[in-house]
Protein chains: 2
Amino acid sequence: MTKPDDHRGVAGMLCFSLYSASHAFTQLYRPLLDKLGLTYPQYLVMVSLWNRDGQNVKELGNNLFLDSSTLTPLLKRLNVAGLITRTRNPQDEREVLLHLTEKGRALQGQADDVMHCIGDAVALEADALDTLRATIDGLRNRLQARAR
Amino acid sequence: MTKPDDHRGVAGMLCFSLYSASHAFTQLYRPLLDKLGLTYPQYLVMVSLWNRDGQNVKELGNNLFLDSSTLTPLLKRLNVAGLITRTRNPQDEREVLLHLTEKGRALQGQADDVMHCIGDAVALEADALDTLRATIDGLRNRLQARAR
DNA sequence: CACAAATAAATCGCACACAAATAAATTAAC
DNA sequence: GTTAATTTATTTGTGTGCGATTTATTTGTG
């Protein structure tokens, strides 16, 4: 919260701007991702695996800032949907390795359409967008540093 | 999503910056709000009612961009905690009016400490913060307009 | 007045998030 | 080399979010 004494309720709080904008993104994604049979968090997992296949749960969690208690059930759903496999690492049986199936890899093609639609709605020039993203990432990093 | 062809996974996506920054805020708030016995969404409801007491569920939902299926159970918990009352509007029995109890009003004093802690972590000058908030709010409004 | 349409909440089902506790495997210490 | 500490993932329980449906009340139309 940022302005203790204003009279605008939640509207003046940066945390709420982020909270509501993030939900607005999810709402915009929903009908697009429905066509791929994915939820928004599932889509983030797929993006991460399209970028680097064969991550374990820990690495994926570090990339998405999510913990295994969130990811385990989500990954099971992606597995049931036939998009990924979950296998123990023979070198270290504690780790579960995540690999795209053929079907999971194929889905990346359809995802390009999704990104295009979202880009239109965001309606920001490339450099304005980079600046905004960098500002928000910097903020997130400061918040996470405090939360330890 | 913003950059289809980069090689950075989720890290290059504005939606993910918002998503992860919003969660980081929640994590920072958690230990502070634990002392008040509130979750972050419950805190948003209290802020809205501190700003304007006596809203109905619909109005509150418009302010927070949340719908009654989310709010009803949350409001019941605040009611059980003794922070608010839920009464039907005699003039229109469809509406449920939300009023702070004495205990609920009293909690606002402790919330000032929370805001102070958060403000420190955000570490932005007032005008930089206003600009950022306005940018994100503008983005949210564009996304919501597309989502209809 | 009667009765269909609209509105406000609540209910139900599913999928996150995350703290806390547990289980299994590896590494460290001695 | 056996035991303790650490690491990785799963399980459990609570609280959101939200689509879809349902219930109750009010408004609109003839």
Side-chain angles (χ1 to χ4, degrees), chain A residues 16 19-34 37-46 55-62 64-81 84 86-98 144 147-148, chain B residues 15-16 19-31 33-34 37-46 55-62 64-81 84 86-98 144 147-148:
Chain A
F16 178 71
Y19 170 86
S20 55
S22 179
H23 287 163
F25 254 120
T26 304
Q27 292 308 304
L28 186 61
Y29 268 110
R30 189 184 306 279
L32 303 170
L33 293 179
D34 276 350
L38 294 174
T39 64
Y40 176 67
Q42 288 168 6
Y43 172 69
L44 291 178
V45 168
M46 294 302 290
Q55 296 180 63
N56 64 33
V57 176
K58 174 86 165 181
E59 292 166 336
L60 184 64
N62 287 340
L64 302 182
F65 306 109
L66 291 174
D67 125 338
S68 66
S69 59
T70 298
L71 288 173
T72 296
L74 187 158
L75 293 167
K76 286 182 178 175
R77 281 175 212 115
L78 290 179
N79 177 240
V80 168
I84 65 169
R86 301 163 65 241
T87 55
R88 294 276 167 181
N89 182 352
Q91 266 66 57
D92 186 340
E93 291 276 347
R94 289 173 302 185
E95 301 178 7
V96 168
L97 300 182
L98 308 167
Q144 288 176 339
R148 309 255 167 67
Chain B
C15 60
F16 179 71
Y19 170 86
S20 56
S22 180
H23 286 164
F25 253 120
T26 303
Q27 291 308 304
L28 185 60
Y29 267 111
R30 189 184 306 277
L33 293 178
D34 276 350
L38 294 174
T39 64
Y40 177 67
Q42 289 168 6
Y43 172 69
L44 291 179
V45 167
M46 294 303 289
Q55 296 179 65
N56 64 33
V57 176
K58 175 84 166 182
E59 292 166 338
L60 184 64
N62 287 340
L64 301 182
F65 304 109
L66 292 174
D67 105 351
S68 67
S69 60
T70 299
L71 288 173
T72 295
L74 188 158
L75 293 167
K76 285 182 179 175
R77 283 177 209 113
L78 291 178
N79 177 240
V80 168
I84 65 168
R86 301 164 65 240
T87 56
R88 293 277 168 180
N89 181 351
Q91 266 68 57
D92 186 340
E93 291 276 347
R94 288 173 302 185
E95 300 177 7
V96 167
L97 300 182
L98 307 167
Q144 288 177 338
R148 309 254 168 67

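By convention in this document, chain letters (A, B, ...) are assigned in the order of the sequence lines, proteins followed by strands, and residues within each chain are numbered from 1.
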Take atom [atom1] of [X] and atom [atom2] of [N], then tell me their distance rounded to the nearest Å.
X: B:Tyr40; N: C:dA19; atom1: OH; atom2: P; value: 16 Å
X: A:Glu95; N: C:dT27; atom1: CD; atom2: C1'; value: 13 Å
X: B:Leu66; N: D:dG15; atom1: CG; atom2: C1'; value: 13 Å
X: B:Phe65; N: D:dG19; atom1: CZ; atom2: P; value: 15 Å
X: A:Lys58; N: C:dT26; atom1: NZ; atom2: P; value: 16 Å
X: A:Tyr43; N: C:dA15; atom1: OH; atom2: C1'; value: 19 Å
X: A:Arg88; N: C:dA23; atom1: CZ; atom2: P; value: 15 Å
X: B:Leu44; N: D:dG17; atom1: CG; atom2: P; value: 8 Å

How long is the straight-line distance from CG of B:Leu44 back to CG of B:Leu38, given to the nearest 0.5 Å? 10.0 Å
Does a nitrogen or oxygen in the side chain of [X] sit under 4.0 Å from OP1 or OP2 of [N]?
X: A:Gln42; N: C:dC16; answer: yes
X: B:Arg94; N: D:dT27; answer: no
X: B:Asn56; N: C:dA9; answer: yes
X: A:Thr72; N: D:dA9; answer: no
X: B:Tyr19; N: C:dA17; answer: yes
X: A:Lys76; N: C:dA15; answer: no
X: A:Gln27; N: D:dG19; answer: yes
X: A:Arg30; N: D:dC18; answer: no

Any strand: nucleotide that pairs with D:dA20 via Watson-Crick or wobble, under 3.5 Å: C:dT11
Pairing nucleotide - D:dT27, Watson-Crick or G-U, each distance under 3.5 Å: C:dA4
Quick one: the side chain of B:Ser69 and the base of D:dG17, do they pair up donor-acceptor inside 3.5 Å? no
Look at the side chain of B:Ser68 and the base of C:dA10, then say whether one donor and one acceptor between them are separated by less than 3.5 Å. yes
With sugar-phosphate meaning primed atoms plus P, OP1 and OP2, does [X] contact a base, only sugar-phosphate, or nothing at under 4.0 Å between heavy atoms?
X: B:Arg77; result: base
X: A:Leu74; result: sugar-phosphate
X: B:Leu71; result: nothing
X: B:Thr70; result: base

Quick check on side chain to side chain contact (heavy atoms under 4.5 Å, CB included): which of B:Asn56, B:Val57, B:Thr72 does B:Arg86 satisfy it with? B:Thr72
5'-most by nearest nucleotide on DNA chain D - A:Asp92 or A:His23: A:Asp92
Ranking A:Pro73 and B:Glu93 by the position along DNA chain D of their nearest nucleotide, the one closer to 5' is A:Pro73
Scanning both residues in full, the closest heavy-atom pair of A:Gln42 with A:Gly37 reads OE1-O, 3.9 Å
Tell me if the aromatic rings of A:Tyr29 and A:Tyr43 count as close, with their centers under 6.0 Å from one another. yes
Would the B:Tyr19 and A:Tyr40 ring centres measure less than 6.0 Å apart? yes
Is it true that a side-chain atom of A:Asn79 and a backbone atom of A:Ile84 form a donor plus acceptor pair closer than 3.5 Å? yes
